[in-house]
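See below for the structure under consideration.
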Amino acid sequence: MGLRVVQWATGGVGVAAIKGVLEHPELELVGCWVYSPHKAGKDVGELVGTEPLGVTATDSLDEILALDADAVIYSPLLPDPDVVAALLRSGKNVVTPVGWVYPSDRQGAPLREAAIAGNATLHGTGIAPGGISEKFPLLFSAFSTGVTFVRAEEFSDLRTYEAPDVVRHVMGFGEVPDKALSGPMQKLLDGGFIQAVNMIVDKVGFRTDPKVRSTQEIAVATAPIESPIGVIEPGQVAGRKFHWEALVADEPAVRVTVNWLMGEQNLDPAWTFGPEGQRYEMEVRGNPDVNIVVKGFQSAVGGEGPEYGIVGTAAHCVNSVPAVCAAAPGIATYLDLPLIGGRAAPRLG
């Protein structure tokens with residue numbers, strides 16, 4: 001018998017996480033929480049498109065708290081700290097892609113207290129933030145001395161993102177610029193990406209200003225653009241950039257940037273991904289300079305198959321469970337855990 005795992009929510013990351021747990025030799029799925037009462041009571045296999053798994057989904061927090069489980073992979077659209085605290089107090093380790101990658105003492109205090117009370121551990125992970133934005137730039141910085149600058153940057157075509165309500169109402173695409181700029185997206189992103197920047201600052205040892213600078217830019221359509229949210233008309237938002245910078249004497253020492261476009265045509269400003277297309281980039285300036293381009297997480301527009309960034313996010317959570325269960329109670333960041341890798345496919349392990 002492996003470590004007993006509960007999956008919280010069955011959106012894109014949740015479904016991929018369940019499938020990842022089924023493939024992991026050290027893990028066993030024992031529970032699943034769902035938002036919808038229409039999903040509650042169903043076998044989880046029916047929800048994720050596999051054979052029956054003998055695990056019944058529930059929409060009851062109390063039922064999850066009462067389960068004998070080692071860990072919860074907590075992947076709602078938006079985090080609820082009270083729910084996370086309850087899970088931790090019930091003795092369940094929590095691995096999540098929606099926060100707490102590198103919380104400050106003040107940010108982490110209530111959940112650290114809950115974790116210690118439950119003899120459990122909280123770990124924030126994911127892909128960006130939660131991997132490309134801080135963990136892997138730090139990994140590659142080990143190949144340089146005298147580091148002067150660290151950058152992590154995402155270039156993604158949002159036409160592959162199959163969550164139209166989120167794209168329009170949360171991300172602000174298809175809105176007029178003023179509404180998008182004043183919408184919730186900057187604040188929602190700030191929490192995780194500021195923590196990512198601070199992790200790099202602290203680990204590398206930059207003497208930066210205490211406050212991370214957050215800025216954003218907008219591109220609008222100059223002609224109709226077909227998109228998952230319908231046609232984006234001229235003057236409506238069709239591209240967004242967000243930047244987070246840690247400054248030393250007004251010069252960036254760390255910069256994390258997100259570039260989200262609805263394609264590369266008919267934009268003002270005329271933003272493009274450049275010849276390398278969709279990707280993640282990481283850069284370390286030092287002795288020597290290091291530049292890394294990562295592809296494979298963004299899906300082709302109009303292509304078949306899953307959004308691989310979502311699958312990668314889920315896998316990072318799944319593969320972290322054994323190390324998190326073995327960690328000391330409290331909040332464990334990447335700086336506290338050992339090297340985490342994937343596991344062999346069942347037919348090869």
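One is the number of the first residue; the rest follow in order along the sequence.
- Seen from the ring of Trp260, Lys241 does not count as a face-on cation partner, given the 6.0 Å and 45° thresholds.
- Between atom CD of residue Gln7 and atom SG of residue Cys317 there is a gap of 8.5 Å, rounded to the nearest 0.5 Å.
- Smallest separation of non-hydrogen atoms from Ala246 and Val197: CB-CG1, 3.6 Å.
- Atom CG of Leu188 and atom CG of Leu77 lie 8.5 Å apart (nearest 0.5 Å).
- For the pair Gln298 (side chain) and Arg279 (backbone), a donor-acceptor distance under 3.5 Å is present.
- Side-chain contact check for Tyr334 and Thr125: at least one donor-acceptor pair (N or O, by modelled atom type) lies under 3.5 Å.
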Set out, in order, the CA-CA distance, both residues' side-chain angles and the distance that settles side chain to side chain contact (heavy atoms under 4.5 Å, CB included) for Phe242 and Asn259, then state yes or no.
CA-CA 7 Å; Phe242 298 88; Asn259 301 272; over 6 Å; no
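- Annotation: side chain of Leu337 is in contact with side chain of His123 (closest heavy-atom distance under 4.5 Å).
- At distances below 3.5 Å, not a single donor-acceptor pair connects side-chain atoms of Glu23 with backbone N or O atoms of Gly20.
- Note that CG of Asn291 and CD of Glu283 are 5.0 Å apart. Values are rounded to the nearest 0.5 Å.
- Although no hydrogens or angles enter the test, the distance criterion places a donor-acceptor pair under 3.5 Å between the side chain of Glu264 and the main chain of Phe273.
- Thr160 and Asp157 share no donor-acceptor pair across their side chains, judged by distance under 3.5 Å alone.
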Derivation of the side chain to side chain contact (heavy atoms under 4.5 Å, CB included) call for Leu47 and Val15:
CA-CA 8 Å; Leu47 301 180; Val15 169; over 6 Å; no
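- Side-chain contact between Glu63 and Leu61 is absent, with no heavy-atom pair separated by less than 4.5 Å.
- Interatomic distance, OG1 of Thr121 versus NZ of Lys92, reported as 14.0 Å (0.5 Å rounding).
- Counting only N and O atoms by type, the side chains of Lys42 and Thr56 include no donor and acceptor under 3.5 Å apart.
- Taking 4.5 Å as the limit, every side-chain heavy atom of Pro110 sits out of range of all side-chain heavy atoms of Pro81.
- Side-chain contact between Ile218 and Val220: present, with at least one pair of heavy atoms (C-beta onward) separated by less than 4.5 Å.
- For the residue pair Trp244 and Asp190, a side-chain donor N or O sits within less than 3.5 Å of a side-chain acceptor on the partner.
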Could you walk me through whether Phe297 and Ile127 satisfy the side chain to side chain contact (heavy atoms under 4.5 Å, CB included) test, starting with their C-alpha distance in whole Å, then the side-chain angles of each, then the deciding distance to 0.1 Å, before giving a yes or no?
CA-CA 9 Å; Phe297 289 123; Ile127 189 166; 3.6 Å; yes
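- Atom-to-atom distance recorded for Met282:CE and Ser133:OG is 9.5 Å, nearest 0.5 angstrom.
- A single hydrophobic cluster is not seen to contain both Ile200 and Val248; linkage of ILVMFWY side chains at heavy-atom distances under 4.5 Å, directly or through other members, places them apart.
- Ile331 and Val101 are not part of a single hydrophobic cluster, where members link through side-chain heavy atoms under 4.5 Å apart.
- Not a single donor-acceptor pair under 3.5 Å links the side chain of Ser144 to the backbone N or O of Ser141.
- At a cut-off of 3.5 Å, with distance as the only test, no side-chain donor of Ser156 or Gln278 sits close to an acceptor on the other residue.
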Can Arg168 and Glu175 be said to form a salt bridge (Lys or Arg N to Asp or Glu O under 4.0 Å), step by step?
CA-CA 7 Å; Arg168 180 179 289 279; Glu175 301 285 5; 5.1 Å; no
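- Thr222 and Gln265 share no donor-acceptor pair across their side chains, judged by distance under 3.5 Å alone.
- In this pair, Trp33 and Trp8 present their aromatic rings parallel. The plane angle is below 30°, not in the 30 to 60° band.
- Considering Gln216, Glu153, Glu217 in turn, Glu217 is the only one that fulfils the side-chain contact (heavy atoms from CB on, under 4.5 Å) rule with His243.
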If you apply the rule side chain to side chain contact (heavy atoms under 4.5 Å, CB included), what do you find for Leu78 with Val98, and how did you get there?
CA-CA 7 Å; Leu78 296 173; Val98 293; over 6 Å; no
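- Under the 4.5 Å side-chain contact rule for hydrophobic residues, Leu335 and Val150 share a cluster.
- Judged by distance alone, the side chains of Lys19 and His24 never bring a donor and an acceptor atom under 3.5 Å apart.
- Between the Asp289 side chain and the Arg285 main chain, no donor and acceptor come within less than 3.5 Å of each other.
- Tyr280 is not connected to Val311 by any chain of hydrophobic side-chain contacts under 4.5 Å among Ile, Leu, Val, Met, Phe, Trp and Tyr, and they are in different clusters.
- Counting heavy atoms from C-beta on, the side chains of Ile225 and Leu267 come closer than 4.5 Å.
- With rounding to the nearest 0.5 Å, the separation of CZ in Arg240 from CE in Met171 is 9.5 Å.
- Asp43 contributes a side-chain N or O that, together with a main-chain N or O of Leu53, makes up a donor-acceptor pair within less than 3.5 Å.
- Checked by atom type, the side-chain pair Thr257/Glu154 shows no donor-acceptor distance below 3.5 Å.
- You'll find the ring centres of Trp100 and Tyr102 outside the 6.0 Å limit.
- Between the Asp202 side chain and the Met199 main chain, no donor and acceptor come within less than 3.5 Å of each other.
- Counting heavy atoms from C-beta on, the side chains of Met262 and Ile232 come closer than 4.5 Å.
- Ala196 and Pro129 make their closest contact through CB-CB, 4.3 Å (heavy atoms, listed as atom of the first residue, atom of the second, distance).
- Listed for the Thr96 side chain is a donor-acceptor partner under 3.5 Å among the backbone atoms of Tyr74.
- Looking only at distances, no side-chain donor or acceptor of Gln186 sits under 3.5 Å from a matching main-chain atom of Ser182.
- Judged purely by atom type and a 3.5 angstrom limit, Asp336 uses its side chain to pair as donor or acceptor with the backbone of Thr333.
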